[in-house]
Each structure stands twice: as structure tokens, then as C-alpha cells.
**Q** 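Provided herewith is a single structure, encoded as C-alpha cells, for subsequent inquiry.
Lettering of chains follows the sequences in order, A, B, ..., and the numbering in each one begins at 1.
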Amino acid sequence: MQSKIILYLFLSVLLFSSCDKVITLPIEDNQSTVVIEANITDKLGPYSVKLSRSIDLNEANIYPAIENGTVVITDNTGIKDTLTYSKGGVYNTKLIKGVYGRTYFLEVTVDGKKYTAQSTMPYKVNLDSLRVNVFPINGKNQYSIIPGFTDPLELGNCYRFIQKINDTLDKNYNIFNDNLNNGKVNQRPLNNGNKDLTIKVLDFVSVEMQCISASANLYYYSLSQQSGAGPGGGTAPTNPPNNISGGALGLFSAHTSQTKVILIPFY
Amino acid sequence: MILIDRKYLLLLALSLIAFTHPVQAQDKTTVNGTVKDKYSGESIMGAVIKIEQLANIVVTSNEYGFFAIALPKGKYDLRISFVGFEEKRVPISLNGPLSISVLLESKNQLAEVVVESKRKDDNLIKAQMGTETLNMKSIAKVPVIFGEKDVLKTIQLLPGVKSAGEGNSGFNVRGGASDQNLILLDEAPVYNASHLLGFFSTFNSDAIKDATLIKGNAPAQYGGRLSSVLDVKMKEGNNKNYIVNGGLGLISSRLSFEGPIQEDKSSFILSGRRTYADIFLKASDKFKDNILYFYDFNAKANYKIDDKNKIYFSGYFGRDELGLGSSFGINWGNKTGTIRWNRVISNKLFLNTSFIYSDYNYDVGLKNGETQFNVNSNIKDVNLKQDYTFYFNPKNTIRFGFNSILHTITPSIFSGTVNNSVNKVGRNGLENAIYVNNNFKANQQLTLDYGFRVSAYTIMGGDVYNLYSGNEKTSSILLQKNAFGKTYLNLEPRITGNYRINDFSSFKLAYARNVQHLHLLSNATASSPSDQWIGDSYNIKPELADQVSVGYSRNFKNNTYELGTELYYKGMQNQLDYKDGTNINTIADVESALLYGIGRAYGFELLAKKKIGKLSGWISYTLSKTERKIEGINGGNWYNAKQDRTHDISIVTIVELNSKWSVSGVFVYNTGNAVTFPTGKYSLGGQTIYQYANRNANRMPTYHRLDFSVTYENLNRKKHESSWNFSLYNVYGRENAYRISFQDDPLDSSKTQIIQTALFRWVPSITYNFKF
């Protein structure tokens, strides 16, 4: 639901005088932590696992790659794959295949410390179409995309949508689950961008639909709830709960992947 | 609902005073009466009645202006006084039971003190601790944002009370959460006391007589929340003349009408208020689809049946509307209604029976192309209360009674093209309480107020209750409709004592246990209308708080200056939070995501007042700490609650320049709220993600602000009265941080930028008030 965002919109209307400025703050020392970004999809391999370390807040966004790690993925059919190091902290699979319903076990060892995770690839829900949703606000048309799919009858399906507007990544997290409208045709639109990136006529919008596990849903939904600090609608953010044991950041996700593109016509 | 035998209650009450002085066999009789304002006929609560011939007898009138004193037969002179009124001397000849009516005439004085005491040295004789009463007439001159005088904003200037945020009417008392305040409007609980996302409170100052805040050591007749009681009373209406009151402001306007139904016997008052920011928005092209307003109505009437019976009806209805054309809308509001019956059963026994209804609901509607849905949530109370005051003898005044509330709580339910996948229904709970409390004036020095409350919450049927152990559902209980489930029974002992050391100082000590059966699941720090309430269940146990406080009060210069200090410690059990990443609006069973823990809060409060003279006001200071420890949050370690602030200072000054002009100022300074800033960052999926360490280990920047206001009054008791109020909020335009957020620098995406959002710099306002 976008209600929170819309509430902020109201606040900003109410308070014509609200003002933003860039400030500096004393930031505590950070504990550099291993970050694991591991994905297996239903597309052809190889799949990759990226190992890096977190950095201090005021450092430039250059994340040190971990080159000396050991990464092993096994699945519940007994296939064991020791990943080979490529570059930039990326390790690639050789044997593992992404199959619906299969469970994958990840084991990462960095400097003698072991991190483990597991993820089961959900069955695929087909992305049938993309539609444009037009709604006028204050006399101006706004556009958002409705991904067309039919949620299966059984409860517990989770989806993540990655939206790109003319190849620029929309940083909103679009995380759906079937706590609402289980077993129905989706009518819910994705976020219509943000103040720096909105959808306009003649834009190409690409949407990747992922059927994700409950643990990935929890991770991404938690991220989507983080919004600054303070009495102005702030939350007390924490590192999103993930499925990796051993204290690493990041996520191991086995998920489906399907992408469609739409051109926004004139209305 | 439970019915309790009156005799049983009386017996219970009497058992409390068994150890006090034996009743003298002397030939005693009783004088009782009511104290009222001569001009408006409004009853006066807290008037002090003394007897010239018996120096040790001091009695105060109750909330209906009623008092009773048992005395040996004889001739006496009563002296009745109340701040702002001329003292009245009433000679009586007591041969048998006597009822009198006392009309007090208000002084034509200007210097009205904002935080008012009933008596100049009232602070030294009352047993109550952590209690302040605000009179609406007197807060008019304190500057507030948008020029709308507001009881909730003014109490935030008292020690131990913290604002939930800039301009916000939500508040935290002694480290409690904002749902731990019992806010009563003519006894009816108000579940969300804010309008416009918290910038206004639901209390229209024209309809309000006074408000009393009790910070955790409330007498036993109050219960149901851990941290405080804010008891707001509506005006009764003038029973002599018809009066129109009103105010025109930049943001909102008010109008009220009051007058007699039967002269001197019964009266009514009607008040309404509406904002009109939406009218300005319509005029602007950019915002013409924005809907943004609230309105509220208060109505009250009283009818005197005979000398012994009086009935009061009061009601409130308020609604907020926010929207964007037809595509988005959110509205919420409270409805309350109270019927009260005052009955003087005998010369010594006063009974008030109340039937109370309260309803809070919110509705979010979204129409976005083909998607069209509404989300509704609702909490409804039906409440029956009987409260007896037994004027046993001049030393003992006993209150006892019961309270039964049927709660109906409906969680967020979707309708339209979006529906909950797992059916959700409302739940019922029955909250019962009996209580007894004795105010015992042992001697000139020592006053004790003690008693207890037994509260019970019974889970009621009509839904499936799941039981969880950690993350795992262990079993389910299907309770048939109207069946009773588990009952939580708690004893809440309360005691406060006041020892008057000498003519100018006193020492106080108090302990209270409070129990709370309704819990607010909040998903933001600011009080947001989409907050959800939940009652006790098989997993959720009643919240408990034990508070101990000690205080020392001292008056200077013939009670011109008053200094009050209090130290408190509060321990809290069964505190609630929910797991990260929970969407409480859509989750099938919110109980599966709850976390439980404990809390502690301690602090020192200081309040220095100057009550009399051309310059009046107060300085309040709070030094405090508030922490929570919840399994599953912050590694199970203690962390600062979001409302934790170390220092809080408020200075309020009012200067009466002459009979027409007065100026006032407010200065507030406080440590920033406890917040969580990231300590580091990493990258995932091409996005920057922040890394966090300990919860709420950081601070928002220090908050400070000065407000200033000028009031011009044209007082003319006979005909019209009018006043102009000019105020400036945030005089030196400090950009106080409302929100701090982190993002990739748009100019250099390899850097992180910290953005501070401030809401208001200068907010000027003009209000014109009239009365005729």
C-alpha cells in the first residue's frame, strides 16, 4: 500500500514551508561485515554468488570484494557444486540447475568462518501481461503499471517486481504477497516511481517478476518499510531479517524470473 | 455485564476505614450542598469548604460541585473558596440534615494562573501526586501553533509529559507509550485524540471546562491504562443567559451556543469547529484535488429533576477527511456519548451512574484505475459505571464503585476489489472492575489516599484464537459467539500520602499498580490514524506497570512561588512490539508476529510556578530515562524507547501589561528522541542498503523553539467580549529536525547524503474570539 507515501505527500502540502537540507552527523564506527548476495533462478545458469564487505557510512560506495572465499551450493537431489571464482567477488556455478520446488543449500566460508543458508525455488506463476493504469491527480495524468498474473489458490505466494524506466532502476521495492486477494487476478499496480523518476508518455518500462520465497519476501518487505528516522513517520530500522546464519548480511534467494516491457502510449 | 450489590460495595468500602478512628457517639448530622459559578451556573469542582469553628476540617467539592460534611449539631460558619472567585461565608444552623446551594462570584481579576490550584497552598495539602489541572479559560494566552488553544499541546509543557513530535498532539507520560494514556471526554474514552495527523487535538477549547492530568498515581476509580489519565470535562452550559462564543482563525473557526433550558436548573451547550485549509487548496491549481479538513461537534445538556437528581447528556462527534480527488481518501473519527445520573442518595452518599458509548474508526479508500478498495478498522465500547462517594466523616471520604465495558475491536478489513485472503472478524472483550478508595485526613499534617482496584478482562467468543510459542502456532481455540474464554484478573493497589512538614512545605510518597488490557499496534512514531488496537488474548497478557514516586513541595513568599519536585521509577511488564517486516494491516493473524518484553522508566521532575501577580508562568524540567527489553529486538538487550529524551525544559511566561494587553512566551528545549541511524552500508541488487547496529542508540539533534503571543482583550461583562490573539510559532525560525533520512547523493552516487527535513520555520497566526 502506498498510503504511507501519500500521507507524507499530504504533510508536505499542509506544510508548504517544510524544508530539506543536507547535514552531517557524527556516525558511530561500523563493524565491517560479510555480505552475501546469492541468487538461483529458473533461467539457464551459471548462477552467481557475490561476496563483499560492508563499509563505513561516509566512505565512497566501493565495496571490497572477497576473493578468498569458498562457496558451495548443494541441492536436495544431491548435486554438489563448488563455485569458481571469477572476479570482483563473484563466484559462478557449474552444475546446479534452477528447478521449481527444489531446495538449495549454500555454504560460504570466509577466513575460516562459515555461513549457511537455504532457499526453495517457488513454482512459477506466469506474468501474462503488463497494463498501464492511468489516474489523474490535480489535473495531471499519473501512470503506473499493473502486472497481469493469476495468484494460485494455495496461500503463501510472494512476488517481487523490479521496475526499470528507460533502463533506469526504480529503487522502490515492489513486494506483493497473497495475504490479500489470494487466488485472484492481480489488479494492484506497482509504485509509480518517485519524485526523481516518474513514468511518462513514451517511456519504456520493463518489469521483472520474481516468485520469491517467504524469507526473501520478509527481507525485501522489511527493506521497503525503512524510511528515515525521527518523529516524522520514522521507523526504528534494523538489518532486515535474512536466511543466512552466521551473521552475514544479504540474502540467498532461489526465485523465478520473467521480464516484460511496455511502451506508455498517449492518453 | 456484572451487577454488584450496592450493599456489598458499601461493605467493601467500609472495610477500608475499619482501622481509622472510632465514630464518636456524639449527636451528628450532615450538611451537604453544591458549589456553582454565580454567572454561568456551571458547577465548580475542587472548591474548598472550611469551617471557621473547626480549623481541622477541609473538604473539597467533587466533579459535580457536590460536597458533604458530617458535623455535631450546632452553629457554624462555612467558608467556601476557589481560585479566581471571591470567598463566600455561609452561616448555618445545623439542627438536622441540611442542604445548601453556594453561588460563587468570579473575581474581576486579570492575572489568571495557567496551571491552576484550587487553593493557594493546595499543592501542600493534597495527597495526589503528579496531578495538574488546566482550566481552559486560563490557557488561552499560552502561544500554540496555528493560534488554536489546545489542552493537549499545553500539557506537553508540563514536566514528565513529552510531545510525540513537532506540532503533534500525541504525548508520552513518564516513559509510557502514547497508547498508555487514558484520555476521557466526559468519562468516555477517546481512542485517537488527534485531528489532521496530530496537528490539532480533538478537544475544542470552547466546549471544554477543564482537564486534569494524573501521571500514573491515579486514585482507584480510574483504570485501564498504564501511564496517565487525562480527564477532560465539557462545559455544562450557562443556565442563566444565552451566550454565543466563537473564534475566527487562519486555519479553523469555532462557534458555540449555550443557555438555559429552565433558568437556574438546566442548560445546554452546542459547539462546532471546522478547518478550511481545503478551501485555499481548491484555489490553487497544483493542489485543487487535495481534500484536507476536519470538523467536530460537542453537545451537552443537563436537566435537574429535583434537588436530589440531575441528569447530564453529553456527546462528541468528529471526523477527519484527507483525500486526493476520487483516487485516494482516508477518514477517521471518534464518536462518544455519555448519559450521567447524579443522585444524592442520602446526606452522606452521592451516586453517579454513567452509561457511556465510544466509537473510533478509520477508513482508507483507494481508487486507482481498476483497483478500488477500502480498509476499515474500528473500536467500540459500551460502558456502564457506578461511582459512589460516601462522606463517612470529616476525616474519611470513600469512593467505591464498578465499571463494566464491552469492547468490540475490528482489525483492518479490506473490501472492494481487494480482500483479505483469510477472513477476519471483530473480537469482543469484557473489561470489568470494582474499586474502593479512601481519602483519609489523619490530622493536620498527614493525608492518605489509598485503595485498590480489581480489574478483569474476559476474552469473548466469535473468533478463532491461535496460540503461539515463539514463531510456531501450537494450537487453536474456537470460541463460540457469546462464549467466555480466558479471564485475566489483576489486583491494582494504590496509595499516595502527603505529609505537611510545616506551613510552606510538604513531602509526598506514592505507589500504584496500573493494568492495561487494550494495546495499540503502532507502525510509526507519529500517531497515525491507521494504528490498530488489540485486546488481551491467549498470547497477549495484560500490560502491568508499577510506579513508585516521592515528592517534595515548597511554597515561597506567602504562596506566590511554588516549587514541586518528584522522583519516579516505573517498571512495566508484558510490553508489546512486533517483528520486523510485519505488515499488520494485511497479515492473517497479527498475533503470529508479536514480541513481548519489559520496560523501565525513571526520572526527576521539577516544576516551579509563579501563580500570582502581573507576571506568571512556570518552568518545568525533566531528567529521565526510558528503556525497553524485548526478546527478538536488539538481541534481547535493553534499548532506548523512541520517546526517551534525557533533558526536557519548558518555560512559560505570561505578562499582563494592563487590563487589555498581555504578552506571553513559551520556550522549549529538549534532547532529541532516540533514533537508529545506519552505521554502514553495502550493496545488493545494485542498490545501497544501510547497515544498522544497536536500536535507538542515536539521537535526533537537540530541539528548541521560542513562541510568542500577544493578546488584546476587550472585556465587558454586560455585553460583548472580544479578544485578538497574534502569535508567532518558532520566533527565531530554527529548523528543528522532523526526519533524518539517508540516500545516495544525486550528484555523486558514490557518496551517502544525510537529509534533514524540518517542518516549520515561522508560523504566524491571528485569531479573533468573541462572546455575546
Side-chain angles (χ1 to χ4, degrees), chain A residues 3 6 10-11 13-15 17-25 27-30 33 35 37 52 54-58 60-61 63 133-135 137-139 155 169 171 178-182 187-189 218 221-223 225 228-241 249-250, chain B residues 164-166 286-290 322 324-325 327-328 364 368-371 414 417-421 524-526 580-581 586-588 642 673 675-684 686-688 691-693 695-696 700 737-741 750-761:
Chain A
S3 63
I6 294 170
F10 275 110
L11 273 178
V13 171
L14 172 68
L15 316 157
S17 58
S18 84
C19 48
D20 285 355
K21 72 174 180 190
V22 177
I23 57 164
T24 52
L25 282 174
I27 295 295
E28 290 168 64
D29 289 340
N30 188 49
T33 306
V35 180
E37 180 179 3
S52 61
S54 66
I55 57 172
D56 282 5
L57 196 69
N58 41 27
N61 296 359
Y63 303 100
N133 180 43
V134 190
F135 54 104
I137 289 179
N138 289 320
L155 258 177
L169 176 72
K171 292 190 175 177
D178 59 6
N179 275 342
L180 295 172
N181 278 4
N182 180 46
Q187 292 174 310
R188 195 176 147 187
L218 181 63
Y221 185 76
S222 303
L223 276 180
Q225 293 299 96
T235 53
T238 52
N239 298 321
L249 298 166
Chain B
E166 177 93 56
K286 208 175 155 195
F287 299 119
K288 65 177 181 192
D289 283 351
N290 290 66
L322 282 174
L324 257 186
S327 54
F328 176 80
V364 179
N368 195 335
E370 59 198 270
T371 305
F414 283 74
T417 63
V418 176
N419 290 288
N420 298 84
S421 300
T525 310
D580 296 324
T586 61
I587 193 168
K642 59 195 171 191
N673 276 21
V675 289
T676 313
F677 292 143
T679 55
K681 56 191 170 182
Y682 57 100
S683 173
L684 197 92
Q687 295 219 47
T688 305
Q691 183 181 356
Y692 297 91
R695 175 169 295 206
N696 292 347
M700 291 295 276
Y738 184 62
R739 208 166 153 223
I740 286 178
S741 43
S750 75
K751 290 213 173 85
T752 298
Q753 204 175 50
I754 307 175
I755 305 283
Q756 170 187 297
T757 305
L759 282 191
F760 308 104
R761 295 202 68 183

**Q** Who wins among A/L25, A/T24, A/T33 for the most heavy-atom pairs under 4.5 Å with chain B?
**A** A/L25
**Q** So, taking the atom named NZ in A/K171 and the one named OG1 in B/T688, what distance separates them when rounded to the nearest 0.5 Å?
**A** 5.5 Å
**Q** Answer with side chain, backbone, both or neither: which region of A/V22 has an atom nearer than 4.5 Å to a non-hydrogen atom of chain B?
**A**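 Contact with chain B is through both the backbone and side chain of A/V22.
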**Q** List in chain and number order the residues that pass side chain to side chain donor-acceptor pair (under 3.5 Å) with A/N182, two or more places apart in sequence or in another chain; answer none if no residue qualifies.
**A** none
**Q** Can you tell me how far apart CD1 (A/I55) and OH (B/Y682) are? Round to the nearest 0.5 Å.
**A**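 If we round to the nearest 0.5 Å, A/I55:CD1 and B/Y682:OH are 12.5 Å apart.
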**Q** Where on B/Q691 is there a heavy atom nearer than 4.5 Å to chain A: the side chain, the backbone, both, or neither?
**A**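 For B/Q691, backbone and side chain are both near chain A.
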**Q** Quick one: of B/T752, B/L684, B/I587, who has the most non-hydrogen atom pairs under 4.5 Å with chain A?
**A**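 Looking at each option in turn, the highest pair count goes to B/L684.
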**Q** Answer with side chain, backbone, both or neither: which region of A/L169 has an atom nearer than 4.5 Å to a non-hydrogen atom of chain B?
**A** side chain
**Q** Considering residues at least two apart in sequence or located in another chain, which fulfil the side chain to side chain donor-acceptor pair (under 3.5 Å) criterion with A/N61?
**A**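 By the side chain to side chain donor-acceptor pair (under 3.5 Å) rule, A/N61 matches B/K681.
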**Q** Which bit of B/Q753 comes within less than 4.5 Å of chain A, counting heavy atoms only: side chain, backbone, both or neither?
**A** side chain
**Q** With a 4.5 angstrom heavy-atom cut-off, which part of A/I27 approaches chain B: side chain, backbone, both or neither?
**A** side chain
**Q** Just wondering, do B/N420 and A/N179 contact through their side chains at under 4.5 Å, heavy atoms?
**A**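 They are not in side-chain contact.
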**Q** Find the distance between OG1 (B/T757) and CD1 (A/I23) and round it off to the nearest 0.5 Å.
**A** 9.0 Å
**Q** Counting heavy-atom pairs closer than 4.5 Å to chain B, which one of A/D178, A/L218, A/L249, A/N181 comes out on top?
**A**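 Of the candidates given, the most pairs with chain B belong to A/N181.
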**Q** May I ask you to name which of B/A588, B/G686, B/S683, B/A693 has the most heavy-atom pairs under 4.5 Å with chain A?
**A** B/S683
**Q** Measuring heavy-atom distances to chain B, does A/L155 have an atom under 4.5 Å in its side chain, in its backbone, in both, or in neither?
**A** side chain
**Q** Within the structure provided, determine whether A/Y63 and A/V35 are in side-chain contact (heavy-atom separation under 4.5 Å).
**A** no
